[in-house]
Amino acid sequence: MHNEIQIHDKVFVPYLSKELIKERIQHIAAKINTDYKNLNPLLLGILNGSFIFAADLFRELNIEAEISFIKLASYKGTTSTGQVVTAIGLEQSLHGRHVLLVEDIIDTGKTLHSFLPEIHNTHPASVKIATFLTKPAALKYDVEATYSAFEIENKFVVGYGLDYDGLGRNLPDLYILKEN
Ligand code: IMP
Ligand code: MG
């Protein structure tokens with residue numbers, strides 16, 4: 001892990017190592033393997049941020065499972081714009097399916113809160129959330145993840161799929177905004 005990295009105008013420091021991330025993902029995957037055995041869950045990754053977490057989580061599943069992706073967006077820079085748009089929608093029926101939404105991070109909860117009714121309208125058998133990160137202190141909407149790899153403090157992070165204005169997603173470890 002590098003000591004400090006600069007992305008655009010901001011400096012970030014190491015926060016969660018890729019080894020620790022892998023360990024926690026194996027831990028939640030073990031729960032999902034038990035909870036969804038014989039249910040053929042449909043993991044629904046929310047792009048762009050979740051693509052790395054979704055890929056790693058999916059490879060830890062040893063049960064019958066499917067994966068698909070949708071694209072929602074509500075963030076610009078380091079603060080939420082408050083607007084959620086569906087950029088790429090659902091392409092298959094969720095009717096009767098056990099849907100597991102896969103997110104990179106639940107921050108205010110707005111993204112998922114505004115999207116959940118759309119999911120429920122399609123009459124799935126169940127809907128739960130798996131998220132890489134949650135920021136409990138930032139939560140403003142009634143959204144709860146059944147599976148969360150890490151609860152973190154209310155600061156901006158990059159890496160492991162999460163970006164700062166487009167950059168940083170390819171960092172294998174997670175970095176946090178440096179205090180000045
Ligand atoms: P929410 O709708 O406020 O829960 O925000 C969720 C989305 O905001 C996530 O899917 C991320 O794309 C983005 N986001 C929230 N916090 C961070 C962060 O610390 N770093 C990078 N992206 C973030
Ligand atoms: Mg994002």
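Side chains included, hydrogens not; waters and symmetry mates left out as well; all remaining heavy atoms used. As the structure is a prediction and not an experimental result, all values here were calculated from the model. Start at 1 and go down the list; that is how both ligands and their atoms are numbered.
- Within a 6.0 Å radius of CD in E64, other residues, nucleotides and ligands contribute 12 heavy atoms or fewer.
- Enclosure of atom CD in E66 by more than 12 non-hydrogen atoms of other residues, nucleotides or ligands within 6.0 angstrom is indicated.
- Within the 4.0 Å heavy-atom cutoff, V158 does not count among the residues contacting ligand 1.
- Per-residue contacts place T111 under 4.0 angstrom from the following atoms of ligand 1 (heavy atoms of the residue considered): 1 (P), 2 (O), 5 (O), 6 (C).
- The atoms of ligand 1 that sit less than 4.0 Å from any heavy atom of D163 are 21 (C).
- Below 4.0 Å from some heavy atom of K110 lie the following atoms of ligand 1, by number and element: 1 (P), 2 (O), 4 (O).
- Between G109 and ligand 1, at least one pair of N/O atoms sits closer than 3.5 Å.
- At a heavy-atom cutoff of 4.0 Å, ligand 1 is contacted by the side chain of L162 but not by its backbone.
- Checked by atom type and distance alone, the side chain of T134 never pairs as donor or acceptor with a backbone atom of P136 at under 3.5 Å.
- Salt bridge annotation for K155-E179: present, with a cationic side-chain nitrogen under 4.0 angstrom from a carboxylate oxygen.
- Note on ring orientation: taking the six-membered ring where Trp is involved, the planes of H113 and Y141 are tilted (angle from 30° to 60°).
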Please lay out, stage by stage, how E4 and K178 fare under the test salt bridge (charged side-chain N to carboxylate O under 4.0 Å, His left out). CA-CA 9 Å; E4 277 191 1; K178 188 186 179 182; 2.5 Å; yes
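- With a 4.0 Å cut-off on non-hydrogen atoms, T108 touches ligand 1 through its backbone as well as its side chain.
- Here is the list of ligand 1 atoms found below 4.0 Å of a heavy atom in K135: 16 (N), 17 (C), 18 (C), 19 (O).
- When only interatomic distances are considered, the shortest N/O to N/O separation between V157 and ligand 1 falls below 3.5 Å.
- Those atoms of ligand 1 that come under 4.0 Å of a heavy atom in E103, given as number and element, are 10 (O).
- In this pair, F156 and F12 present their aromatic rings tilted. The plane angle is within the 30 to 60° band.
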